[in-house]
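In what follows, a single structure is set out as structure tokens and then discussed.
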Amino acid sequence: MNLARKLWLRCRDLFPFAGFHFDRPLVLLQSDDWGRAGLRDQEGLEQLRSAGLVLGERPYDLYTLETAEDVAALSDVLKRHRDSSGHHPCVQMNFILANLDFAQMSADDFRRIHVLPLVEGLPRGWSRPGLIEAYREGIADGVFYPALHGTTHFCRSAVERNLAKGGDRAELLRTLWRAGTPYIHWRMPWIGYEYWDPEKPEGGGSLPAETQLELIDQAVGAFASLFSTLPHSACAPGYRANDDTHRAWAQHGVSVAQNGPGRLVPPHFDRHGVLHLSRTVEFEPAVNATFSVDACLGQAEACFDQGMPAIVSVHSINFHSTVRDLRSRTLQFLGEFLSALESKHADLLYLHDENLHELVNKGCYKSAGGTVQVNVTKRSFTKAALAQRQA
Ligand SMILES: [Zn+2]
């Protein structure tokens, strides 16, 4: 990074933002990677094992894809809970809107990428009867809310460059693709994330603004054909978004940007008029060996103490079941977590991003049961001061 850029980043941390604070405990559930195919179940596992891969070293080796039953079981748990206004908790599902079209790619001798939109089905070898209907049912019931993750999770130009170069990396990609698995990120971090190429020749990092705009245009189109609506909220794959990503989202009508966990940053608007939310509770029993419901409750209380919403991060892997049952444990913990919040806070509210956006603009939000009022106050903050206070 050159000196001018470093100085600019440091100055940016000194800009004052207006942060929003609330007088009631608010809980949002944000969940990434829905619709993204991984390991092709037991059959894919065996195929990769016989190709020499030792799977099971890390949880994401066994990331598969949710089934209609996984989605329905989550919906059932959410429907057993209600907030003080009578609403169920709502899991905001961030979708990956395409998978790799392995049939076309193998006809091409795996020399380039072809994508298959989720709305057209799943790649060859994959079977998930009723999955799309299960998503739609939960959305209609108000327990799911669809949002944008991306078209592909990985950076297409990074994959294509490594494929063209040949060698071990290209061989690993082809081995996975022959087994119907797009990638396993931790084994190949050089594939980057959709808007971020770690090794791009002109210097690793975010893709140029015009490329991001084009990719976001495709993703929004694929989202609209799947859900017959436009996305209001988005989370960049790998949380790798920059100002160009936010501008492109704003141009496509996205009004909320989801950011990864880290510091407790209050919701605030950026210069494109996009509301930024940062995750504050890491609810990831499938990937966190030291996970505990109590620790998550502690993280939520720390948010409420500062008048900030508890924004829970829970990736789709936690609900998978086909190779290893990760779902049962997660659902049990999730039930305990929600029950504890409900019994401690008589004024608890479950929202999704669009509700929160309406709330900061109007001091209330509309929902199926009527209008919910919350006192919203604005307090100025700088990222530098937050960093110092929370160091
Ligand atoms: Zn993701």
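Remember, it's 1-based here, ligands and their atoms both numbered in the order they're listed. Quick note: numbers below take in every heavy atom, side chains included, and nothing from hydrogens, waters or symmetry partners. Residues: numbered from 1 along the sequence shown. Not measured: the values here are computed from a predicted model.
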### Message
I need the OD1(D33)-the Zn ion (ligand 1)-NE2(H149) angle, rounded to 10 degrees.
### Response
90°
### Parallel, tilted or perpendicular: ring planes of Y135 versus F95, cut at 30 and 60 degrees
perpendicular
### Message
Between R40 and E43, does the salt bridge (Lys or Arg N to Asp or Glu O under 4.0 Å) criterion hold? Intermediate values first, please.
### Response
CA-CA 6 Å; R40 193 170 56 86; E43 213 181 305; 3.2 Å; yes
### Query
From D32, does some N, O or S atom reach closer than 2.8 Å to the Zn ion (ligand 1)?
no
### Task
Test the K383-F15 pair against the cation-pi criterion, namely NZ or CZ under 6.0 angstrom from the six-membered ring centroid and within 45° of the ring axis.
no
### Query
Taking the side chain from S84 and the backbone from L348, do they hold a donor-acceptor pair closer than 3.5 Å?
yes
### Query
Would C235 count as a contact for the Zn ion (ligand 1), in the sense that one of its N, O or S atoms lies under 2.8 Å from it?
no
### Query
Do any of the N/O/S atoms of H315, backbone or side chain, fall under 2.8 Å from the Zn ion (ligand 1)?
no
